[in-house]
Amino acid sequence: YALDRGLREHSANNTEMWGSPKTTEVPVELPTQAEGAPKSHAAITQNFARAVLYDEPLLAPGEDGLNAVELINGILLSGHTGETVAVPVDRARYDALIADLQATSRAKTRVVEQRVTDPTFA
């Protein structure tokens with residue numbers, strides 16, 4: 001899906017508790033899945049349980065997850081600095097960015113406080 005307006009703009013101007021930006025579906029062709037590859041998070045979870053119980057090899061070892069987090073950290077740092085960054089990221093620069101984002105964040109002022117259950121979980 002493509003957003004009709006940017007998340008930053010939506011977040012700054014949204015007044016609804018559970019408001020979501022408008023989207024347009026964009027078809028994407030994906031390669032076919034390799035035979036025997038897990039098809040869902042449920043399959044990965046089942047594999048994890050079998051690895052614990054029966055010492056089966058993991059399909060998605062923890063290192064893969066750590067690599068994904070490091071990639072995301074690089075995307076955040078690059079997006080905020082406008083610079084190309086190396087992975088693994090410079091930890092001091094990344095920690096400074098997070099500290100700056102925390103120090104400069106502020107509560108939304110346009111949202112009226114409400115106690116409403118998220119409709120996707122109701």
Side-chain angles (χ1 to χ4, degrees):
Y1 288 86
L3 300 177
D4 290 350
R5 64 178 179 171
L7 282 178
R8 188 177 305 250
E9 180 185 344
H10 171 78
S11 182
N13 298 308
N14 178 50
T15 58
E16 299 174 30
M17 177 63 81
W18 303 109
S20 297
K22 301 285 186 257
T23 59
T24 305
E25 187 170 355
V26 179
V28 177
E29 285 215 23
L30 298 175
T32 58
Q33 194 164 15
E35 182 63 36
K39 295 176 177 45
S40 67
H41 289 291
I44 299 295
T45 303
Q46 181 181 26
N47 169 250
F48 175 76
R50 294 187 63 80
V52 170
L53 294 171
Y54 308 114
D55 204 27
E56 290 184 5
L58 287 170
L59 297 172
E63 294 85 6
D64 292 352
L66 293 174
N67 291 335
V69 170
E70 193 63 27
L71 176 62
I72 293 165
N73 291 347
I75 291 169
L76 284 170
L77 184 59
S78 177
H80 281 279
T81 63
E83 301 171 4
T84 301
V85 299
V87 174
V89 298
D90 178 326
R91 188 58 41 203
R93 286 189 71 203
Y94 181 78
D95 290 346
L97 169 67
I98 296 301
D100 183 54
L101 291 172
Q102 289 172 337
T104 58
S105 68
R106 61 189 195 293
K108 287 186 174 184
T109 57
R110 295 187 181 116
V111 175
V112 177
E113 186 173 337
Q114 302 174 44
R115 301 288 179 198
V116 180
T117 302
D118 185 340
T120 50
F121 297 109

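This chain uses plain numbering: 1 for the first residue, then up along the sequence.
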For Ser78 and Glu83, the nearest pair of non-hydrogen atoms, with its separation, is OG-O, 2.7 Å
If I compare all heavy atoms of Asn47 with all of Ala60, which pair ends up nearest, and what's the gap? OD1-N, 4.5 Å
When you look at CZ of Arg8, are more than 12 heavy atoms from neighbouring residues, nucleotides or ligands closer to it than 6.0 Å? no
Just verifying a value: how many Å separate Thr24 OG1 and Tyr1 OH, rounded to the nearest 0.5 Å? 10.0 Å
When rounded to the nearest 0.5 angstrom, what is the spacing between CZ in Arg50 and OG1 in Thr45? 14.0 Å
Using every non-hydrogen atom in the two residues, find where Glu56 and Ala51 come nearest and quote the distance to one decimal. O-CB, 3.2 Å
Criterion side chain to side chain contact (heavy atoms under 4.5 Å, CB included) on Arg91 and Asn73, from CA distance to verdict: CA-CA 10 Å; Arg91 188 58 41 203; Asn73 291 347; 3.8 Å; yes
Quick check: are there more than 12 heavy atoms from other residues, nucleotides or ligands sitting under 6.0 Å from OH of Tyr94? yes
To the nearest 0.5 angstrom, please state how far the CG atom of Leu76 sits from the CG atom of Leu71. 10.0 Å
Might you work through the side chain to side chain contact (heavy atoms under 4.5 Å, CB included) test for Glu9 and Asn13, ending with a clear yes or no? CA-CA 6 Å; Glu9 180 185 344; Asn13 298 308; 3.4 Å; yes
Could you pull out all residues at least two apart from Glu25 that satisfy salt bridge (charged side-chain N to carboxylate O under 4.0 Å, His left out)? none
Would Ile98 end up clustered with Val89 when hydrophobic side chains under 4.5 Å apart are linked, directly or stepwise? yes
Drop me the distance from Asp90's CG to Leu77's CG, to the nearest 0.5 angstrom. 7.5 Å
Provide the closest heavy-atom pair for Pro21 versus Leu7 in the form atom of the first, atom of the second, distance. CG-CD2, 4.0 Å
What verdict does the side chain to side chain donor-acceptor pair (under 3.5 Å) test give for Asp4 and Thr23, after you've listed the backbone C-alpha separation in whole Å, the side-chain angles of each residue and the deciding distance to 0.1 Å? CA-CA 6 Å; Asp4 290 350; Thr23 59; over 6 Å; no
Donor-acceptor check, side chain of Asp100 to backbone of Ala96, threshold 3.5 angstrom: yes or no? no
